Amino acid sequence: MKGSRFLLALLPSLLLACQRQVDHTAVKTQIVQPARPSGKVLRIFMWSDYIDPQVVKEFEKRNGVRVVIDTYESNEAMLAKLQGGGSDYDLANPSNYFVQAMLRSKLLQPLQTGLIPNFKNVAAGFLNPGYDPGNVYTVPYQYAATGLAYNASRYTPPTRSWSLVFGPSDTVKFVLLDDPREVIGAALKYLGFSVNSASVPQLRAARDLLRKVVVKRGFLGFDGGPGTRNRLLAGDIDLGQIYVGDLLQGAAENKALKVFLPKEGTTISTDTLVLLAGAANPVLARKFIDTVLAPKVSAAISNYTSYGNPNAASRPYLAPLLRDNPAFNLPQADLKSGKVEFIEELPTGKPPRLYDRIWSELKSR
Ligand code: N2P
């Protein structure tokens, strides 16, 4: 997407959606005969809990290859590992706002979408995004907003606000995402600022707020999406900041898990698939991207993960939660208010350094 686009009109629907269970069985992918094994291994570095394992198995059988997927729970962890070398992945899965940083680090090679026939299925609103003009390096994979989740069997939030965690009260046990742009972004939103603020006074205000938050007795630390979901399921915490899809995966298991988008607004991001510069198997990697962009496969993935699907051709195969809910369809006309705001890359220089300093300080407490 170019610039910030927003979802205010979609909030009520998403709130409703967040209370519903996902039908993981709605779309079945086709079972295929195994091809002769080629000995090839496709290595993918991906956000955790972000693909239907059945899709991976079928790709392996159809192509006679092995697929190895290693996972991460933040863009920072992904980039640090790839910058550190020593990994031999073909594909990675950065969020929109990390694509340019990967390019600057010379980690990417052009995808050549002309070699990926199913690229034609990408919905118009996700084509030619500001973070990758012309889709030279990325295809959109899935997207999600971030919310506050709770286990209704042990806690009823008195308000649908970030004040539950950022306000002065210290009566609930909670965790925040182990993700600097999400945590600082949520604090900025709570204070009425943009999640992409590059204003030093605004960032200092967010820092001052977060300094008070991390010393609360109820603050039980930073965690990833799946970790937060599991702590909610186990009843270890009352509340957790979480990527909505990760929570909805838990809601399919336990109806007491609920999530809402706080009234002050929140973040959203698109996660992409990129071909790494050092890919050993670029042809197979493109084939994998082509497969996940096939309408039924793309739908099967999102039906399994409960994340937003940017594939126009998959819509007929999406589970009702994803197909009929405008929160997962991003109508362009509704993307304007700024309440739910796409995280974007920060301008280079002082603001990113301030984000880094705030995050190091918070994590060292
Ligand atoms: C998957 C989390 C992906 C959302 N577990 C992060 N943008």
Side-chain angles (χ1 to χ4, degrees), residues 1 4-5 7 14 17-18 22 24 44-53 55-56 69-81 91-102 126 129 131-132 138-149 175-186 189 195-196 222-233 240-253 257 259 261 266-274 292 298 300-311 322 327-328 330 340-346:
M1 265 133 286
S4 299
R5 294 185 182 171
L7 292 171
L14 183 52
C18 294
V22 186
H24 290 322
I44 306 176
F45 202 25
M46 184 173 247
W47 283 92
S48 54
D49 290 357
Y50 218 27
I51 194 160
D52 178 352
V55 164
V56 178
I69 299 186
D70 289 341
T71 61
Y72 53 85
E73 293 187 14
S74 75
N75 286 296
E76 289 75 12
M78 176 271 302
L79 186 60
K81 182 160 179 189
L91 293 169
N93 185 210
S95 299
N96 55 290
Y97 56 97
F98 262 65
V99 170
Q100 289 296 321
M102 291 182 82
F126 286 90
Y131 58 84
D132 178 25
T138 68
V139 297
Y141 177 62
Q142 296 188 105
Y143 61 89
T146 298
L148 266 180
V175 297
L176 295 173
L177 279 172
D178 196 358
D179 183 323
R181 292 298 306 275
E182 294 288 355
V183 170
I184 299 170
K189 219 61 193 154
V195 303
N196 300 306
F222 298 101
D223 208 335
T228 301
R229 175 185 68 226
N230 293 338
R231 287 164 88 160
L232 284 161
L233 278 169
Q241 182 190 23
I242 195 165
Y243 313 112
V244 165
D246 282 354
L247 187 283
L248 291 177
Q249 288 176 35
E253 194 179 315
L257 289 205
V259 62
L261 302 188
T266 191
T267 54
I268 188 167
S269 53
T270 305
D271 303 309
T272 69
L273 288 173
V274 294
V292 304
S298 175
I301 292 169
S302 295
N303 289 338
Y304 182 91
T305 64
S306 302
Y307 275 92
N309 185 291
N311 187 325
L322 301 172
F328 293 104
L330 291 175
V340 178
E341 198 177 357
F342 272 90
I343 304 178
E344 291 170 0
E345 194 187 23
L346 298 162

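Please read these numbers as outputs of a predicted model, since none were measured by experiment. Start at 1 and go down the list; that is how both ligands and their atoms are numbered.
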- Task: Considering the heavy atoms of D246, write down every atom of ligand 1 situated less than 4.0 Å from one of them.
- Result: 1 (C), 2 (C), 5 (N)
- Note on the structure: For T305 and D49 the tightest heavy-atom approach is CG2-O, 3.9 Å
- Message: With a cutoff of 4.0 Å, is A144 in contact with ligand 1, counting heavy atoms of the residue only?
- Response: no
- Query: Would Q249 and S306 count as having a side-chain donor-acceptor pair, cut-off 3.5 Å?
  - Reply: no
- Using a distance-only test with no angle check, is there a side-chain donor-acceptor pair under 3.5 angstrom linking S302 and Q142? yes
- Task: May I ask you to identify, for Y143, whether its side chain, its backbone, both or neither come under 4.0 Å of ligand 1 on a heavy-atom basis?
- Result: neither
- Tested for ring-ring contact (aromatic ring centres under 6.0 Å, His included) against Y141, the lone hit among W47, Y307, Y50, F126 is Y50
- Measure the distances from the heavy atoms of G225 to every atom of ligand 1 and state whether one is below 4.0 angstrom. no
- Query: Is the closest side-chain heavy-atom distance between Y131 and E344 below 4.5 Å?
  - Reply: no
- Message: At less than 4.0 angstrom from any non-hydrogen atom of S269, what atoms of ligand 1 do you find?
- Response: 7 (N)
- Item | For atom 1 (C) of ligand 1, the protein heavy atom that lies nearest, with its residue and separation | S48 O, 3.2 Å
- Item | Between T267 and E341: side-chain donor-acceptor atoms closer than 3.5 Å | no
- Item | Residue and atom name of the nearest protein heavy atom (relative to atom 2 (C) of ligand 1), distance in Å to one decimal | Y307 OH, 3.4 Å
- Note on the structure: atom 4 (C) of ligand 1: closest protein heavy atom, distance to 0.1 Å, is D271 OD2, 3.5 Å
